[in-house]
Number of protein chains: 2
Amino acid sequence: MATATEKAYDIIRRNILDGVFEAGTHLKEEDLVRLCGVSRTPVRDALRRLAIDHYVVTRPNQGTFVNQWSLKDIHDIFELRAMLEGVVARRAAAAIGPGHMAALKQAFGTIQAMLADDAADLDVNLFLAENKIFHMTMLQAADSAPLATMLSSLVQPPIVARTALGYNVEDLRQSNEHHRELIEALGVGDGAWAEAIMQAHIRAAHRKFMASYRPGGGFAAP
Amino acid sequence: MATATEKAYDIIRRNILDGVFEAGTHLKEEDLVRLCGVSRTPVRDALRRLAIDHYVVTRPNQGTFVNQWSLKDIHDIFELRAMLEGVVARRAAAAIGPGHMAALKQAFGTIQAMLADDAADLDVNLFLAENKIFHMTMLQAADSAPLATMLSSLVQPPIVARTALGYNVEDLRQSNEHHRELIEALGVGDGAWAEAIMQAHIRAAHRKFMASYRPGGGFAAP
DNA sequence: ATGGTCGCCATTGTATACAATGTGGCGGAA
DNA sequence: TTCCGCCACATTGTATACAATGGCGACCAT
């Protein structure tokens, strides 16, 4: 966290993800100055960067607001993610090398170990971190900068995080079984197989998310 | 062009599109201050907005550079555009109303009129404007904010503009015939048909673009 | 001659002061 | 009472001054 802009970015982002700043909230620059302990200039910079990542939207002369998605938007996002992550899997099957393959297996193994232990002490954030590593590795293996750019604008952290909150242990096991099958498909270079299982993987997440979604913006406990 | 930020944004963007700022150029804030006649603050704001739209990339403590795409990136961009614009067409076929349909027919008619005249006096910018209206109308008819966001990050104006430069009159006629067929498919609500012809439309543009592409960044005259 | 290191300068990052804008409330008139 | 217009304030937009960073070249040591 070397620069003031980064500091402001991280603090604001964290508050959005933690739900302190609810969807639609008007983020006033002066308040953020007090919260972050930096001047307005880096705060404004941070808000622009958050706009790039679609955490917020800025309306000229009005201010910056925490982004919110309609139910329809969320459906569309999952729909598009299923399609694009499917492409990622297909391309990864054609291009993956031993390094990325090893990273995938390790992420799978780490999650598997989490699930083998008593489920009670499972740390959702730890799961999310490993899950992210898995998907990022796939993305790198697919070796397409435009594809990576598009997906990054589609994988909305608030939604992904809340999806995980809706998971129970059985759901997590199913999720990691998909990972296992993806590794298998990639191992034999079967792009169509990899694409299909990846689409199932995302669509399953979609259903789990909807099951715990509440229109008001709140979410059911896991 | 009310605000200084908008002014800077438009000037810098125009210079990039016109090729004054070539790909990879280091855009120095102080130079842009002199060019735009505003202070550094709105210039920096404008550069952040240009980064959102992928015209430039910013590296911390190093500066802002005009974005450049590799040949592979360009292929990927067209590939993804074909897929996503296909989805747009499919969804538009299911949801389009009379207003959007009329707009599509008008854009088609305008382009048709351009091509009926003597080809010598054809204004490429005018064609581009109507072409954009056509595709934006399709996007609105598809009625999906996430889809619109993704495509906007994929439709790189420099590439689209240079694609048109590579067109000859026959290519333009083919392009507008695709538009005609899209309207027909949408009229009978055949989403699969619309999707297929849209994919062909983008892939044809891809080939026309590659035919006039020169690796150095220059392009053959039309 | 070559390799590394130090310091200067160009450039970006940050803070603060001031200007402009848009909004909400108050008051007056119909 | 209700609607319109105006004023004041809260908030964002802009300019300028200062701080920090990093790249590049010169210089020294080997």
Side-chain angles (χ1 to χ4, degrees), chain A residues 1-68 149 152, chain B residues 1-68 149 152:
Chain A
M1 197 186 295
T3 72
T5 298
E6 287 176 55
K7 184 179 177 185
Y9 179 92
D10 288 336
I11 291 176
I12 299 169
R13 177 176 173 276
R14 175 53 50 101
N15 274 280
I16 293 174
L17 290 180
D18 291 351
V20 179
F21 297 151
E22 294 178 19
T25 303
H26 184 182
L27 298 177
K28 293 164 192 171
E29 298 175 358
E30 204 56 47
D31 295 347
L32 299 175
V33 164
R34 280 189 291 277
L35 177 66
C36 303
V38 299
S39 81
R40 265 184 67 210
T41 309
V43 163
R44 286 170 66 85
D45 248 42
L47 288 175
R48 300 296 177 274
R49 283 187 53 196
L50 288 163
I52 295 179
D53 300 338
H54 301 98
Y55 286 99
V56 302
V57 292
T58 298
R59 289 199 282 274
N61 279 319
Q62 283 193 317
T64 303
F65 301 82
V66 178
N67 206 346
Q68 55 185 342
T149 303
S152 75
Chain B
M1 198 185 297
T3 72
T5 298
E6 286 176 55
K7 185 179 177 186
Y9 179 91
D10 289 336
I11 292 176
I12 299 168
R13 177 175 172 276
R14 176 53 49 103
N15 275 279
I16 292 174
L17 290 179
D18 290 351
V20 179
F21 297 151
E22 295 178 15
T25 303
H26 184 181
L27 297 177
K28 293 165 194 171
E29 299 175 356
E30 204 55 48
D31 295 347
L32 299 175
V33 164
R34 280 189 292 276
L35 177 66
C36 303
V38 298
S39 82
R40 265 185 66 209
T41 308
V43 163
R44 287 171 65 85
D45 248 42
L47 289 175
R48 299 296 175 274
R49 283 187 54 195
L50 288 163
I52 295 179
D53 300 338
H54 301 99
Y55 285 100
V56 302
V57 291
T58 299
R59 288 198 283 274
N61 279 318
Q62 284 193 318
T64 302
F65 301 82
V66 179
N67 206 346
Q68 54 185 344
T149 302
S152 75

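Chain identifiers are assigned alphabetically (A, B, ...) following the order of the sequence lines, protein sequences preceding nucleic acid strands; residue numbering begins at 1 within each chain. We use all heavy atoms of the structure for the numbers below, so side chains are in, but hydrogens, waters and symmetry mates are not.
Whole-Å rounding puts the B:Q62 CD to C:dG13 C1' distance at 14 Å. Atom CZ of A:R40 and atom C1' of D:dA10 are 12 Å apart (whole Å). Distance A:R59 CZ to C:dT23 C1': 14 Å, rounded to the nearest Å. Computed from coordinates, the A:E29 CD to C:dT16 C1' distance equals 14 Å when rounded to whole Å. Rounded to whole Å, atom C1' of D:dA10 lies 10 Å from atom NE2 of A:H26. Going from atom CD of A:E30 over to atom P of C:dT16 covers 11 Å, rounded to whole Å. One atom, NZ of B:K28, and another, P of D:dG22, lie 18 Å apart when rounded to the nearest Å. A:L32 has its CG atom 16 Å from the P atom of C:dT14, to the nearest Å.
Within the nucleic acid shown, A:L47 has no heavy atom closer than 4.0 Å to any nucleic acid atom.
Considering only side-chain N and O atoms, B:R44 lies nowhere under 4.0 angstrom from the phosphate OP1 or OP2 of C:dT12. Applying the 4.0 Å criterion to OP1 and OP2 of C:dT12, one finds that B:T64 has every side-chain N and O outside that range. At least one side-chain nitrogen or oxygen of B:R48 sits closer than 4.0 Å to the OP1 or OP2 atom of C:dG13.
Annotation: of the two residues near DNA chain C, A:N61 and B:T41, the 5′-most nearest-nucleotide partner is B:T41.
Using a 4.5 Å cut-off on side-chain heavy atoms (C-beta onward), A:L32 and A:L47 make contact. In this structure, the side chains of B:V66 and B:E22 stay at 4.5 Å or more apart for every pair of heavy atoms. With contacts defined as side-chain heavy-atom distances shorter than 4.5 Å, the pair A:V56/A:I16 qualifies.
Listed here is the closest heavy atom pair of B:H26 and B:T64: CD2-O, 3.4 Å.
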